[in-house]
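This report concerns only the one structure given below.
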Protein chains: 2
Amino acid sequence: MRRDIFQAIADPTRRAIIALIAMQAMTPNAIAQHFDSTRQAISKHLRILTECELVQQQQQGREIYYSLQLEKMKEIDKWLDQFRQIWESRFNNLDKLLAKMQKK
Amino acid sequence: MRRDIFQAIADPTRRAIIALIAMQAMTPNAIAQHFDSTRQAISKHLRILTECELVQQQQQGREIYYSLQLEKMKEIDKWLDQFRQIWESRFNNLDKLLAKMQKK
DNA sequence: TATAAGTGAAACTATTTGGTTGCACAAACT
DNA sequence: AGTTTGTGCAACCAAATAGTTTCACTTATA
């Protein structure tokens, strides 16, 4: 069972769940109402999201509130960094090239 | 056959391929040498990456050079934006709170 | 022209995935 | 105490996935 953030966000339903609970914590039932599939299917997605620590639980009586762990989302951002550096350097090169062309 | 960037970067081998060709274009054979699996398996990954336009081909005689389409990578960055906004606003809120506390 | 090298694609396979239905269990309500 | 509500988990299933082996095709090279 592979369980990393990239595999977690691969599924469109899971991405939708993430976006849904990003602003405020929600219960599985409340989340499931936004989708066509059964509550159990959503529950499974929540388990996957919890396992890779993208999502956090908070028990409240018999209800469980799920919320996004923003810190974990930053790991994706961190992975993108290596490419961001490249696209910025390419932009700079283009910048230099344009400056050079204007000089002539 | 789902084919989007998020599904494409879910596989660790594909992420490794992306990182490998980010700086310079490479042929399938050259790429495959960096991995344990067969050239054909890598070829399949390259097809998936090409299909979702994360990767670009350039024929050169009988060789095909694969390179990363940085622009496409930005789509992930764009998706992250919605969360970036949240984590920045949370930081700002914390900032305001700290300022408030100092006033007292 | 014959052969080697670089590649993609099809066929097959084991494993993983996302979904379902059917439980079990604890907390809240009557 | 009995029932409803909110939840997780196991068992099962169809489809997708990542890999392999085998083959075909095209471009170089001897």
Side-chain angles (χ1 to χ4, degrees), chain A residues 1-21 24-69 72 76 79, chain B residues 1-21 24-69 72 76 79:
Chain A
M1 220 184 338
R2 215 193 323 138
R3 205 102 305 172
D4 59 271
I5 359 170
F6 294 99
Q7 192 263 342
I9 63 164
D11 184 81
T13 305
R14 281 197 290 268
R15 283 202 303 280
I17 293 175
I18 288 174
L20 201 57
I21 63 171
Q24 58 171 7
M26 289 176 77
T27 65
N29 260 328
I31 296 168
Q33 283 176 345
H34 288 78
F35 300 93
D36 288 332
S37 47
T38 58
R39 180 192 58 76
Q40 283 88 340
I42 301 300
S43 185
K44 248 177 138 178
H45 283 306
L46 285 170
R47 186 148 76 104
I48 289 167
L49 291 169
T50 307
E51 274 171 7
C52 68
E53 294 173 304
L54 263 172
V55 146
Q56 208 175 11
Q57 310 177 23
Q58 201 199 342
Q59 190 103 22
Q60 205 150 103
R62 67 181 161 185
E63 292 180 331
I64 300 174
Y65 282 86
Y66 284 86
S67 59
L68 186 60
Q69 289 230 278
K72 200 71 182 181
I76 304 163
W79 178 73
Chain B
M1 223 184 337
R2 216 193 323 138
R3 204 103 305 172
D4 60 90
I5 0 171
F6 294 100
Q7 192 264 343
I9 63 163
D11 185 82
T13 304
R14 281 198 290 270
R15 284 203 302 282
I17 292 176
I18 288 174
L20 201 57
I21 64 171
Q24 58 170 7
M26 289 176 77
T27 65
N29 260 328
I31 297 168
Q33 281 176 346
H34 289 77
F35 300 93
D36 287 332
S37 46
T38 59
R39 179 192 60 76
Q40 284 87 342
I42 301 300
S43 184
K44 248 178 138 179
H45 283 306
L46 285 170
R47 185 147 78 103
I48 290 168
L49 290 170
T50 307
E51 274 171 6
C52 68
E53 294 173 304
L54 263 173
V55 145
Q56 208 175 11
Q57 310 178 23
Q58 201 199 342
Q59 189 103 21
Q60 207 150 102
R62 68 181 161 186
E63 292 180 330
I64 301 174
Y65 283 86
Y66 284 87
S67 59
L68 186 60
Q69 290 230 276
K72 201 71 180 180
I76 303 162
W79 178 73

| Between CD1 of A:Ile21 and CD of A:Gln69, what distance do you get to the nearest 0.5 Å? | 9.5 Å
| task | Between C:dG8, D:dG6, C:dT17, spot the one nearest the side chain of B:Pro28, thanks. | result | C:dG8
| Integer-rounded Å distance: D:dC9 P and A:Glu51 CD | 9 Å
| If you take atom types as modelled and just measure distance, does the side chain of A:Arg62 reach the base of D:dT5 with a donor-acceptor pair under 3.5 Å? | yes
| field | Distance test, side-chain N/O of A:Asn29 to OP1/OP2 of D:dT5, below 4.0 Å | value | no
| said: Can you pull out every side chain to side chain donor-acceptor pair (under 3.5 Å) where at least one residue sits in residues 57-68 of chain B? Sequence neighbours excluded, please. | reply: B:Glu63-B:Tyr65
| said: Is any side-chain heavy atom of B:Ile76 closer than 4.5 Å to one of A:Phe6? | reply: no
| A:Ile5, A:Leu46, A:Asp4 screened by side-chain contact (heavy atoms from CB on, under 4.5 Å) with A:Leu54, the one that passes | A:Ile5
| query | Roughly how many Å is it from CD1 in B:Ile42 to P in D:dT17, rounded to a whole number? | reply | 17 Å
| Rounded to whole angstrom units, what separation is found between the CD1 atom of A:Ile31 and the P atom of D:dT7? | 9 Å
| note | Among C:dG8, D:dG19, C:dT20, the one nearest any side-chain atom of B:Ser43 is C:dG8
| query | Hey, which of these two, A:Thr13 or A:Gly61, hits DNA chain C nearer its 5' end, going by closest nucleotide? | reply | A:Thr13
| query | Rounded to the nearest 0.5 Å, what separation is found between the CZ atom of B:Arg47 and the CZ atom of B:Arg3? | reply | 8.0 Å
| request: Respond yes when some side-chain nitrogen or oxygen of B:Thr27 is under 4.0 Å from OP1 or OP2 of C:dG6, and no when none is. | output: no
| message | Counting C-beta onward and ignoring hydrogens, is there a side-chain heavy-atom pair between B:Arg14 and B:Ile9 closer than 4.5 Å? | response | no
| Can you find an N or O donor on one side and an acceptor on the other, under 3.5 Å apart, linking the side chain of A:Arg14 with the base of C:dG18? | no
| query | Please give, in whole Å, the distance from D:dT5 P to A:Gln33 CD? | reply | 13 Å
| field | Atom-to-atom span, CG of A:Leu49 to C1' of C:dG18 - whole angstrom | value | 13 Å
| field | Polar pair under 3.5 Å, donor/acceptor by atom type, side chain B:Gln40, base C:dT7 | value | no
| query | Does A:His45 place a side-chain N or O at less than 4.0 Å from the phosphate oxygens OP1/OP2 of C:dT17? | reply | no
| query | In whole angstrom, what separates A:Glu63's CD from C:dA26's P? | reply | 18 Å
| message | Strictly distance-based, threshold 3.5 Å: is any side-chain N or O of A:Arg15 a donor or acceptor partner for the main-chain N or O of A:Ala10? | response | yes
| Bending between helix ends of the helix from C:dT1-D:dA30 to C:dT30-D:dA1 [5 pairs per end, 10° resolution] | 10°
| task | Mind calculating the distance between CZ (A:Phe6) and P (D:dT17) to the nearest angstrom? | result | 19 Å
| query | Nearest nucleotide by nearest heavy atom, which residue falls closer to the 5' end of DNA chain C, A:Gln59 or A:Thr38? | reply | A:Thr38
| Gap separating the NZ atom of B:Lys72 from the CD atom of B:Glu53, nearest 0.5 angstrom | 4.5 Å
| query | Would you say a side-chain N or O of B:Arg47 is under 4.0 Å from OP1 or OP2 of C:dA9? | reply | yes
| Does any donor-acceptor pair link the side chain of B:Lys44 with the base of D:dG19 at a separation under 3.5 Å? | yes
| message | I need the CD1-C1' distance between B:Ile48 and C:dG8, as an integer number of Å. | response | 14 Å
